[in-house]
Participant: 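Below you'll find the structure I mean.
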Amino acid sequence: NAGVTQTPKFRILKIGQSMTLQCTQDMNHNYMYWYRQDPGMGLKLIYYSVGAGITDKGEVPNGYNVSRSTTEDFPLRLELAAPSQTSVYFCASGVDYGYTFGSGTRLTVV
Amino acid sequence: AQSVTQPDIHITVSEGASLELRCNYSYGATPYLFWYVQSPGQGLQLLLKYFSGDTLVQGIKGFEAEFKRSQSSFNLRKPSVHWSDAAEYFCAVGYLAGTSYGKLTFGQGTILTVHP
C-alpha cells in the first residue's frame, strides 16, 4: 500500500533517553516533513527536507535532529528527551502541497 | 510571518444540520489554503484546497469552502452533517514560492461533535 509509514506508534521514554522516530514513504516524493501536534496548538513544523541530503529547520527544531540519506526515509532523532517533547509526531510527504500524512507516533516522556 | 486562526475550538451540531467552520489567515500574498480532517488516532486527510481561480472549492465528503480575500477567510461548509463527520478539522496556509515552499502553517483546530 502506497503511503507514509511511521514507527513506532507508541513509545514511553524516560527523561534523558534518546530515540529515533522512523518515517518511510514509497511515493518517490522529494518533500518530506516532521510535525508535532499538541492539544489546542495545531501542528508545528519541526524539520523538513526537499530531497536526499537536504534538510532544514522548521518552527520548533530545538531538541531534534534529522537526516535524509535516501528519498524514502526521513528519520527524526530525539536527543536527551524532555517532558516538553511529549507529543504526537506526524511525518508527511508530498508534491505541490499534496501532503500524505503518516498515522503518527504518540510519545510520552516521563 | 503568516498565521492561521480558527476562532472556534469546539462546535456541536445536530445530525442533518448545516455546518460552517471558520478560518482566518494572515499572509501578504495570495495564499495556498487547505482544510484537513483528523479522526481520533489517525493522521490528517486532505478535504480540499484552494490555489487560484474559482473562490468556491469543492472537496471530498460533501464539503466545500469559500475563499474571501477581502475578509482573509477560508470557511468550510457542509449543508447536512452526518454523524461520521465528527472529527477535528484543521485549516492551513502554504507559501507560494521561495525557500519556504511546501511548508504549511496550521490553525489550532476545531473539534466537531455531532449529536444524533
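Atoms considered below: every heavy atom in the structure, side chains included; atoms not considered: hydrogens, waters and symmetry mates.
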Participant: Quick one: do B/F67 and B/I60 end up in the same hydrophobic cluster if we chain Ile, Leu, Val, Met, Phe, Trp and Tyr together by side-chain heavy atoms under 4.5 Å apart?
Facilitator: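 Looking at the clustering, B/I60 is in the same group as B/F67.
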Participant: Hydrophobic cluster membership, with links at side-chain heavy-atom distances under 4.5 Å among I/L/V/M/F/W/Y: are B/Y50 and B/L104 in one?
Facilitator: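 Yes, B/Y50 connects to B/L104 through the hydrophobic network.
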Participant: Measuring heavy-atom distances to chain B, does A/E59 have an atom under 4.5 Å in its side chain, in its backbone, in both, or in neither?
Facilitator: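 Answer is neither: A/E59 stays 4.5 Å or more from chain B.
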Participant: Is there a path from A/L13 to A/Y89 through hydrophobic residues (I, L, V, M, F, W, Y) whose side chains come within less than 4.5 Å of each other?
Facilitator: yes
Participant: Linking I/L/V/M/F/W/Y whenever any side-chain heavy atoms sit under 4.5 Å apart, do A/L78 and A/I15 land together?
Facilitator: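 Same cluster: A/L78 reaches A/I15 through Ile, Leu, Val, Met, Phe, Trp or Tyr contacts under 4.5 Å.
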Participant: Got a sec: does the CD1 of A/I12 have more than 12 other heavy atoms crowding it under 6.0 Å?
Facilitator: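 At most 12 heavy atoms, drawn from other residues, nucleotides or ligands, come within 6.0 Å of this atom.
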Participant: Between A/D38, A/V88, A/L43, which residue shows the highest count of heavy-atom pairs closer than 4.5 Å to chain B?
Facilitator: A/L43
Participant: Any idea which heavy atoms bring A/Y99 and B/K103 closest together, and the distance?
Facilitator: OH-CA, 3.7 Å
Participant: Assign the ring pair B/F106 / A/F101 to parallel, tilted or perpendicular, where the plane angle (0 to 90°) is split at 30° and 60°.
Facilitator: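 B/F106 and A/F101: perpendicular rings.
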Participant: In terms of heavy-atom proximity below 4.5 Å to chain B, should A/L45 be classed as side chain, backbone, both, or neither?
Facilitator: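 Contact with chain B: side chain only.
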Participant: About how many Å separate OG1 of B/T105 and NZ of A/K44, when rounded to the nearest 0.5 Å?
Facilitator: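 Result: 8.0 Å between the selected atoms.
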Participant: Where does B/Q45 contact chain A at under 4.5 Å (heavy atoms): side chain, backbone, both or neither?
Facilitator: neither
Participant: Is it the side chain or the backbone of B/L44 that comes within 4.5 Å of chain A heavy atoms, both, or neither?
Facilitator: both
Participant: Please answer: with hydrophobic residues joined when any side-chain heavy atoms are less than 4.5 Å apart, are B/L46 and A/V4 in the same cluster?
Facilitator: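 No, because B/L46 and A/V4 fall into different hydrophobic clusters, even though each may have its own neighbours under 4.5 Å.
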